[in-house]
*Asks:* 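Starting off with a structure, shown below.
A note on names: the letters A, B, ... follow the listed sequences, proteins ahead of strands, and every chain is numbered from 1. FYI, side chains are in, hydrogens and waters are out, and symmetry mates aren't considered; it's all heavy atoms of this structure.
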Amino acid sequence: KEIASESLTESTHFHTVPLTSLFPTTTHCHQPHTTHASKGLRRGASSLKVVHKHGGCSTTLPKGKAANTPTLTDILKQDESRVNSIHARVNSARIDNLNAVSGVRKKKIPDSKAAVPAKSGTTLGTGNYIVTVGLGTPKNTLTLVFDTGSDLTWTQCRPCVKSCYSQQESIFDPKLSTTYSNITCSAAACSGLTSATGNNPGCSSSTCVYGIQYGDSSFSVGFFAKDRLSLTATDAVDNFLFGCGQNNQGLFGNTAGLLGLGRDALSLVSQTAAKYGKYFSYCLPTKRGANGHLTFGKGAAAPGSLKFTPFATDQGASFYFIDVQAIAVGGKQLSISPVVFKSSGTIIDSGTVITRLPPAAYSALRSAFRQGMSKYPQAPGLSILDTCYDLSKYTTVSVPKISFVLNGGVTMDLPLVGILLGNGASQVCLAFAGNGDASD
Amino acid sequence: VGIFGNIQQQTFEVVYDVAGGKLGIGAGGCS
């Protein structure tokens, strides 16, 4: 009876899997029988295929050595600089709000002090989910990172007046597009760049110039323009406002640029509000998954299990804020005061890789997880991940389940891919990190 | 601020109803 109830607890509150399932030998692409689009999209919705940039399904980007695929340590390092820039942006926006409300001008952390300039735009290097779109007439195929943590869509443009990094597809050439035009400095859209990029626009022979800097000092500068953006073979957005980058440097991998999905007026979501009703959805596949999607408009009949949680109050910047209320590990809710989440706030971000938690929440999660994993030998930490195990001597592993409870009774039971991140069986880590300081 | 990253979002259907002010979550949206 004892053993029976033990094993029952194991199965309900633990993921018990063969070790090999954590480290598939091949990164072949796992072609599913149904895709989101094939489930029958509602009229007026546009669905794009999403793949993991470094997985087995990204056909447009080279794989393996040719693509100098970043190591897990590289990705974690870039992720850290992205998070620093997000913290700087949120803090800067909160101070603005505070000053506006209190009338007292609270000192902003001078940019030089902030870990990174509190400008819009966040490190792109980690953005590892990509979609393929068409730009211009005739259509030029471009692979872009999609990012709910930034607003301005941009791509590299010929003649690359200053510099372009090497990208997989040929660089967009505005001269060859019959539907391309520059935005003038006097156009209202030009002044909209200040909120979308965090920088005031420039002006060069009456053409509006944008500049956006990313957390790891990557940047893109160029002409603000409009052209036809083809989201799918049949759906296009005319006069789409985007950045045509003449000087682009930094960690952008082989992608052609970025698709901004933030809440600013210049994001793709806002620019297509009339067509898609500011309603979009995605499913981020695992490295081998091939049926990820990014869908604009009310997509396929949403899976029955869909539950809604209200966005949290707007805390400035153009991020999507949510209310996390509790975390459970191995079926037990952690004793974390709700104030911890309330005071820090939480954003959901497709471009940040590792979830960051307020320090008090992370230490509670870590100690409960370590308790559930106590039978496995610990391994050295990996960059920002400080709870790792050497599982190389085991054929099956039992890992405590982790669930997040959001406002409105929405519970997310994380699959195993959302709990562990590994550098091989001898270093498998808890895929969470704590913010350095509650006031971060 | 806490950040819910893309590792933890994998395989969930995530719906941004920006106009409606709410976020939808559904398990098993993709592989």
*Asks:* With A/Y320, which residues qualify under side chain to side chain donor-acceptor pair (under 3.5 Å), at least two apart?
*Replies:* none
*Asks:* Measure distances from A/N407 to the heavy atoms of chain B and classify the residue's part below 4.5 Å as side chain, backbone, both or neither.
*Replies:*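 No part of it gets close to chain B.
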*Asks:* Can you check whether A/I354's main-chain N or O pairs, donor with acceptor, with A/D79's side chain at less than 3.5 Å?
*Replies:*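 The answer is yes, because a donor-acceptor pair under 3.5 Å joins these two groups.
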*Asks:* Going by the rule side chain to side chain donor-acceptor pair (under 3.5 Å), which residues pair with A/T411 if we only count those two or more places apart in sequence or in a different chain?
*Replies:* none
*Asks:* Could you tell me which portion of A/V324 (side chain, backbone, both or neither) has an atom closer than 4.5 angstrom to a non-hydrogen atom of chain B?
*Replies:* neither
*Asks:* Search all heavy atoms of A/M412 against all heavy atoms of B/Q8 and return the closest pair with its distance.
*Replies:*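 Heavy atoms only, the tightest pair is CE-O, 4.4 Å.
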*Asks:* For the pair A/S403 and A/D413, evaluate side chain to side chain donor-acceptor pair (under 3.5 Å) and give the outcome as yes or no after the intermediate values.
*Replies:* CA-CA 4 Å; A/S403 311; A/D413 298 323; 2.8 Å; yes
*Asks:* Below 4.5 Å from any heavy atom of chain B, which atoms of A/T148 appear? Answer side chain, backbone, both or neither.
*Replies:*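 A/T148 touches chain B through side-chain heavy atoms alone.
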*Asks:* Heavy-atom pairs under 4.5 Å with chain B are the metric here; pick the option from A/G408, A/A361, A/G345, A/A433 that has the most.
*Replies:*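 Heavy-atom pairs under 4.5 Å are most numerous for A/G345.
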*Asks:* By a 4.5 Å heavy-atom criterion (distance strictly below it), what part of A/F341 contacts chain B: side chain, backbone, both, or neither?
*Replies:* neither
*Asks:* Identify which part of A/I322 has an atom lying under 4.5 Å from any heavy atom of chain B, answering side chain, backbone, both or neither.
*Replies:*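 Contact with chain B is through the side chain of A/I322 alone.
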*Asks:* Which atoms of A/Y362 are under 4.5 Å from chain B, going by heavy atoms: the side chain, the backbone, both sets, or neither?
*Replies:* neither
*Asks:* Side chain, backbone, both or neither: which part of A/V410 has a non-hydrogen atom closer than 4.5 Å to chain B?
*Replies:*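 A/V410 touches chain B through side-chain heavy atoms alone.
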*Asks:* Which label fits A/F280 and A/Y282: parallel for a plane angle under 30°, tilted from 30 to 60°, or perpendicular past 60°?
*Replies:*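 Ring orientation, 0 to 90° scale: tilted.
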